[in-house]
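Notes follow once the structure below has been shown.
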Amino acid sequence: MKKLILVRHAVTDDNELAKLSGHIDSRVSEEGKIQIEKLTDYLKSEKIDEIYTTTSSRTKDTVKYLAEINKIDIQESEALKEINFGDFEGKDFKEIQKNYPDEFNKMINEGYEYKYPNGESLIECYERVSKEIKLILEDAQNNSTILICSHAGTIRNILTCLISDTFEYHWNFKIENASVSIVEVDNGFAVIDKLNDTSFLK
């Protein structure tokens with residue numbers, strides 16, 4: 001059995017402004033720094049064997065103290081990054097709807113297959129993330145605990161991959177900032193023990 005602790009990064013300046021930030025960097029906000037303290041306290045008693053983040057500072061900053069507590073190095077993965085919003089990075093949906101109405105309508109109508117201009121589609125992002133999580137699980141020792149700090153879309157992709165091996169349940173999961181979801185994986189079977197736990201942030 002292998003245990004996955006899936007953590008979404010703490011809230012950022014872009015999150016607070018409802019701006020899309022997939023591959024661009026976005027700093028953890030003041031509220032996010034408080035969330036990191038509470039998250040660290042919540043998970044400090046967990047014996048964590050490996051920690052993966054993306055190359056984004058918001059993911060590394062969220063779990064850096066947990067890495068120190070467990071005396072392990074953070075492993076950065078480009079493949080676990082959020083969807084690439086392309087030309088719409090740093091914009092919010094109201095701005096997109098106003099200035100790019102045709103693209104906005106395509107986004108609504110094409111759903112999973114919609115590809116952001118100079119970016120990715122959700123399906124392409126799912127394929128990238130699902131390939132990576134399978135490799136991580138293959139390489140992990142049995143009975144190990146792996147913490148992955150990434151992004152809402154990435155965590156949704158991991159969950160739908162593990163329970164169905166498709167992208168089709170992506171939008172069935174609510175994943176909030178600094179939330180914790182825990183999945184146990186054993187011989188191809190996945191059990192979700194926690195989903196979007198934010199109780200410790202109250």
Between the main-chain N or O of I24 and the side-chain N or O of S21, is there a donor-acceptor pair closer than 3.5 Å? no
Are the ring centres of F88 and Y100 closer than 6.0 Å? yes
As a quick check of understanding, evaluate salt bridge (Lys or Arg N to Asp or Glu O under 4.0 Å) for K38 and D41, giving each step before the final call. CA-CA 5 Å; K38 293 179 177 179; D41 188 60; over 6 Å; no
Please confirm whether the backbone N or O of T12 pairs with a side-chain atom of N15, one donor and one acceptor, at under 3.5 Å? yes
Between the side chains of E95 and K98, is the shortest nitrogen-to-carboxylate-oxygen separation below 4.0 Å, so that they form an ion pair? no
So, the side chain of E76 versus the backbone of T55: is there a donor-acceptor pair under 3.5 Å, distance only? no
Ignoring hydrogens and geometry, is there a side-chain-to-backbone donor-acceptor pair from N70 to I48 under 3.5 Å? yes
Is there a donor-acceptor contact under 3.5 Å from the side chain of S144 to the main chain of K2? no
Between Y116 and Y114, does a ring-ring contact (aromatic ring centres under 6.0 Å, His included) hold up when you go through it step by step? CA-CA 6 Å; Y116 289 91; Y114 173 74; 5.1 Å; yes
Taking the inter-plane angle between the rings of Y42 and F200 on a 0 to 90° scale, is it parallel (under 30°), tilted (30 to 60°) or perpendicular (over 60°)? parallel
Any donor and acceptor pair, going by atom type alone, linking the side chain of E184 with main-chain N or O of D193 inside 3.5 Å? no
With salt bridge (Lys or Arg N to Asp or Glu O under 4.0 Å) as the rule and sequence neighbours excluded, what pairs involving residues 155-170 come up? K134-D165
Between R58 and E82, is the salt bridge (Lys or Arg N to Asp or Glu O under 4.0 Å) condition met? List the steps. CA-CA 12 Å; R58 58 192 184 271; E82 181 61 279; over 6 Å; no
Is it true that a side-chain atom of D25 and a backbone atom of S57 form a donor plus acceptor pair closer than 3.5 Å? yes
